[in-house]
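Reading through the structure tokens given below for one structure.
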Amino acid sequence: MPSRRPVMGVVPLGAVDDRARTALSTAWSMMSGNRLIAVHVNDGPEDERDFIRRWELWEPGIPLVLLAHLPCDGEPVSVAIADYLTRRHRAYQTMVVITEHDPAGPIGRRPAHPTRGDALEAALLPLPHVVVCRQRLVAPDPGGVRG
């Protein structure tokens with residue numbers, strides 16, 4: 001019989017920018033009142049201070065968790081986030097929203113090389129309490145609307 005677990009949304013952020021706003025808005029809509037956090041893996045004290053400053057200026061009303069890079073064999077951001085979710089949020093059914101720009105091609109066309117989102121998804125797939133939601137943003141046509 002299925003069991004009900006508390007639900008939590010996690011949005012990994014590399015920067016405080018339009019992509020972050022879109023990712024948080026998407027996750028906020030999907031979570032409908034459940035817990036939501038943003039996660040940033042910093043590159044050191046200066047990066048952490050800059051990210052906190054930008055986050056506080058924005059004031060999104062969503063808790064921010066700052067993580068440090070971990071020594072690892074894989075992609076450090078992915079390893080840090082997977083480690084955090086394993087250690088701190090096993091009791092939750094966790095939805096991770098990965099937002100990335102589509103390389104301005106037709107839907108379904110994938111970049112020739114793996115993206116950071118691919119590495120994060122691969123690191124999270126073995127975690128039974130995590131569901132990955134990928135959101136692709138198509139870059140606007142630089143020439144504008146043609147008619």
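With sequence neighbours left out, Thr22 forms a side chain to side chain donor-acceptor pair (under 3.5 Å) with no residue at all. With sequence neighbours excluded, the residues forming a side chain to side chain donor-acceptor pair (under 3.5 Å) with Glu48 are Asn42, listed by chain and number. Taking the ring pair (Phe, Tyr, Trp, His ring centres under 6.0 Å) definition, one finds that Trp55 meets it with Trp58, sequence neighbours left out.
Between Val97 and Ala23, the closest heavy-atom pair is CG1-O, 4.2 Å. Counting all heavy atoms, side chain and backbone alike, Ala15 lies closest to Ala20 at O-CB, 3.3 Å. When every heavy atom of Leu127 is checked against every heavy atom of Ala82, the shortest pair comes out as CD1-O, 3.9 Å. Heavy atoms only, all atoms of each residue included: Ala38 and Ile62 are closest at N-CG2, 3.9 Å. The two residues Ala68 and Ala80 have their closest heavy-atom pair at O-CB, 3.7 Å. Among all heavy-atom pairs drawn from Met30 and Cys133, the shortest one is CE-SG, 3.8 Å.
Note that CD1 of Ile37 is 11.0 Å distant from CG of Leu24, once rounded to the nearest 0.5 Å. One distance of note links CG of Leu66 with CZ of Arg49; it measures 12.5 Å at 0.5 Å rounding. Going from atom CG of Asp83 over to atom CZ of Arg88 covers 11.0 Å, rounded to the nearest 0.5 Å.
Note on Met8 and Val65: same hydrophobic cluster, where clusters join Ile, Leu, Val, Met, Phe, Trp and Tyr whose side-chain heavy atoms are under 4.5 Å apart, directly or indirectly. Both Tyr84 and Val130 belong to a common hydrophobic cluster when Ile, Leu, Val, Met, Phe, Trp and Tyr are linked at side-chain heavy-atom distances under 4.5 angstrom. Using a 4.5 Å cut-off between side-chain heavy atoms of Ile, Leu, Val, Met, Phe, Trp and Tyr, with links allowed through other members, Val96 and Val11 fall into different hydrophobic clusters. In the hydrophobic cluster analysis, where Ile, Leu, Val, Met, Phe, Trp and Tyr join through side-chain heavy atoms closer than 4.5 angstrom, Leu64 is grouped apart from Leu67. Taking hydrophobic clusters as Ile, Leu, Val, Met, Phe, Trp and Tyr residues chained together by side-chain heavy-atom distances below 4.5 Å, Met95 does not share a cluster with Val132.
Identified under the salt bridge (Lys or Arg N to Asp or Glu O under 4.0 Å) test for residues 25-47, with sequence neighbours left out: none. Contacts classified as ring-ring contact (aromatic ring centres under 6.0 Å, His included) and involving residues 21-48 (residues at least two apart or in different chains) are given here: His40-Phe51. For the salt bridge (Lys or Arg N to Asp or Glu O under 4.0 Å) condition, the pairs that include at least one residue of residues 17-28, sequence neighbours left out, are Asp18-Arg21.
A 4.5 Å side-chain heavy-atom check between Val10 and Leu85 finds at least one atom pair inside the cut-off. By the 4.5 Å heavy-atom criterion applied to side chains, Leu120 and Pro12 are counted as neighbours.
More than 12 heavy atoms of other residues, nucleotides or ligands lie within 6.0 Å of CZ in Arg53, so this atom counts as buried by the packing criterion.
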